[in-house]
Amino acid sequence: MEELSGGRKSAIYRCGDVVYRPLQPWSPTIHQLLKHLEHSNLHQCPRFIGVKENQEILSFIAGDTYNYPLVGAITSAEALTSAAKLLRKIHDATASLLSQMDLSKQQWMLEPKEPFEVVCHGDFTPYNVALSKNLVVGVFDFDTAHPAPRVWDLAYSVYCWSPFKTHSLDKLGSIKEQVARAKLFCDSYGATAPEREQLTDIMVARLHALIAFMRKEAENGNEFFIADIEQGHLQSYLKDIEYISINKQKIQLAVCNK
Ligand SMILES: Nc1ncnc2c1ncn2[C@@H]1O[C@H](COP(=O)(O)OP(=O)(O)O)[C@@H](O)[C@H]1O
Ligand SMILES: [Mg+2]
């Protein structure tokens, strides 16, 4: 058994072709999602294999994994475009799942957001994908999945992949390069004109929702989020909101092809 790094400490283990992750209250919903993705031939996502005591067993996605600071293949244009195309495939595949689900009976980690167009991954970021050379060939960590409009996930992914991040460890490139990456992500996803027009505002709204979630979890005694806030992550999100707001016009002009 090998502990996998890049996420929570002492929580995720690999044993050959499978991964053991802690079961959560929302895991039955996520298992339904993973089964649906498997039936939709999305082999880039982990397959749900089973449950053992308080662990879920998922298939291991082969490939190189990365974390901030982003260096190497993960920063390439190919990685960005293949990531956006994979996000699009996942969204397209989940639209039909929503019509089969009784949403009032499903539990999710993050609050669903209307209108329910697709199941968003919720954390489709450079640290949750697997690469083969410069191409994104897989994605894991579906715990944050929740029903929402496509642009809700698209905006958060653009924020992380551009990235519009200000912390010295997380940032990459100049604003000009970040804006060009944001446009490339939207183009590769095939974003509509209305999705592009809302992008920056939704990015900020998504970050505010994340901050509210972190605060609520910390108030309820969730030690992971208490530590996360103590380490300054919430403050970084607030700084990023400011950065995005200052650069709103530049981002919008580029993603809207103006
Ligand atoms: N199904 C999987 N296939 C391959 N690697 C995985 C898989 N699940 C997790 N990992 C590895 O374990 C790390 C932590 O798992 P992850 O599911 O992202 O948990 P966390 O919620 O703690 O971020 C990931 O960054 C990745 O490297
Ligand atoms: Mg992760």
Side-chain angles (χ1 to χ4, degrees), residues 1-38 40-52 54-75 79 82-83 86-87 89-90 107-110 119-133 135-146 153 156-157 159-161 163 165 169-170 206 210 213-214 217-218 222-229 231 233-234 236-237:
M1 201 81 97
E2 170 205 354
E3 186 182 342
L4 293 171
S5 58
R8 285 160 284 177
K9 284 255 169 299
S10 314
I12 323 279
Y13 293 88
R14 176 183 177 187
C15 186
D17 290 340
V18 300
V19 169
Y20 290 82
R21 299 176 81 260
L23 270 181
Q24 304 290 350
W26 48 85
S27 296
T29 312
I30 304 305
H31 297 159
Q32 218 179 315
L33 167 64
L34 294 180
K35 280 189 242 172
H36 179 85
L37 292 171
E38 182 188 353
S40 308
N41 290 322
L42 263 148
H43 306 302
Q44 299 91 337
C45 306
R47 267 182 306 112
F48 170 65
I49 293 172
V51 167
K52 191 177 175 192
N54 57 351
Q55 303 279 302
E56 61 178 6
I57 310 172
L58 308 179
S59 65
F60 179 77
I61 300 280
D64 304 322
T65 53
Y66 294 83
N67 212 329
Y68 295 104
L70 303 180
V71 280
I74 193 74
T75 65
S82 51
L86 178 56
L87 183 66
K89 271 193 186 169
I90 293 171
Q107 201 173 343
W108 307 91
M109 174 178 167
L110 299 183
V119 180
C120 290
H121 178 281
D123 201 13
F124 193 89
T125 56
Y127 52 81
N128 278 329
V129 296
L131 270 69
S132 170
K133 297 199 174 127
L135 287 181
V136 169
V137 292
V139 54
F140 36 78
D141 205 355
F142 279 77
D143 272 329
T144 47
H146 59 294
D153 226 9
Y156 187 68
S157 297
Y159 157 68
C160 293
W161 283 88
K165 291 188 177 253
L169 278 180
D170 302 343
R206 177 68 178 78
L210 177 60
F213 174 77
M214 290 170 75
E217 287 296 310
N222 184 327
E223 283 174 14
F224 175 84
F225 286 100
I226 292 171
D228 218 33
I229 292 173
Q231 286 159 17
H233 291 143
L234 193 151
S236 293
Y237 290 131

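When a ligand or atom number is given, it counts from 1 through the structure's own listing order.
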S.K.: Crowded around Glu223 CD? As in, over 12 foreign heavy atoms under 6.0 Å?
M.R.: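 Atom CD in Glu223 is not packed in, count stays at 12 or less.
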S.K.: Output the list of atoms in ligand 1 that are nearer than 4.0 Å to some heavy atom of Tyr127, sorted by atom number.
M.R.: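 Selected atoms, number and element: 25 (O).
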S.K.: Should Arg21 be counted as touching ligand 1, given the test is an N or O pair under 3.5 Å?
M.R.: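 Between Arg21 and ligand 1, an N or O pair is found under 3.5 Å apart.
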S.K.: Would you kindly specify which portion of Asn128 sits under 4.0 Å from ligand 1, judged on non-hydrogen atoms: side chain, backbone, both or neither?
M.R.: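 Looking at Asn128 and ligand 1, just side chain atoms fall under 4.0 Å.
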S.K.: Kindly confirm whether the Mg ion (ligand 2) is within less than 2.8 Å of some N/O/S atom in Asn128?
M.R.: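 Of the N, O and S atoms in Asn128, at least one lies under 2.8 Å from the Mg ion (ligand 2), which means yes.
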S.K.: Below a 4.0 angstrom heavy-atom separation, can you tell me which part of Ser59, side chain or backbone, both or neither, approaches ligand 1?
M.R.: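 Contact part for Ser59 vs ligand 1: backbone (N, CA, C, O).
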S.K.: For a 4.5 angstrom cut-off between non-hydrogen side-chain atoms, does Pro22 reach Asn54?
M.R.: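 Counting from C-beta outward, Pro22 and Asn54 never come under 4.5 Å.
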S.K.: Which is it for Thr65 and ligand 1 at heavy atoms under 4.0 Å: side chain, backbone, both or neither?
M.R.: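 Side chain only.
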S.K.: Side chain, backbone, both or neither: which part of Phe140 has a heavy atom under 4.0 Å from ligand 1?
M.R.: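 It is the side chain that gets close, since no backbone atom is under 4.0 Å.
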S.K.: So between Ile57, Val129, Asp141, whose heavy atom ends up nearest atom 16 (P) of ligand 1?
M.R.: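 The option holding the nearest heavy atom is Asp141.
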S.K.: Near Pro46, which atoms of ligand 1 are under 4.0 Å from a heavy atom of that residue?
M.R.: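 With Pro46 as reference, the close atoms of ligand 1 come out as 1 (N).
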S.K.: Parallel under 30°, tilted from 30 to 60°, perpendicular over 60°: which one fits the rings of Tyr237 and Tyr159?
M.R.: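 Ring orientation of Tyr237 relative to Tyr159: tilted.
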S.K.: Checking Asp228 against His233: is there a side-chain donor and acceptor pair closer than 3.5 Å?
M.R.: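 The criterion, which ignores hydrogens and geometry beyond distance, is satisfied for Asp228 and His233.
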S.K.: Examine Tyr156 together with Phe124 and report whether their ring centres are nearer than 6.0 Å.
M.R.: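 Ring centres of Phe124 and Tyr156 not closer than 6.0 Å.
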S.K.: Do Ile61 and ligand 1 have an N or O pair less than 3.5 Å apart?
M.R.: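 Between Ile61 and ligand 1, an N or O pair is found under 3.5 Å apart.
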S.K.: So if I count the atoms of ligand 1 from 1 in the order they appear, which ones are less than 4.0 Å from some heavy atom of Ile12?
M.R.: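 By the 4.0 Å cutoff, the relevant atoms are 9 (C), 12 (O), 14 (C), 15 (O), 19 (O).
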S.K.: Of all residues at least two apart in sequence or in a different chain, which pass the ring-ring contact (aromatic ring centres under 6.0 Å, His included) check with Phe140?
M.R.: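 Listed in chain order: nothing, the list is empty.
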S.K.: Out of the N/O/S atoms in Asp141, what is the name of the one closest to the Mg ion (ligand 2)?
M.R.: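 The Asp141 atom nearest to the Mg ion (ligand 2), restricting to N, O or S, is OD2.
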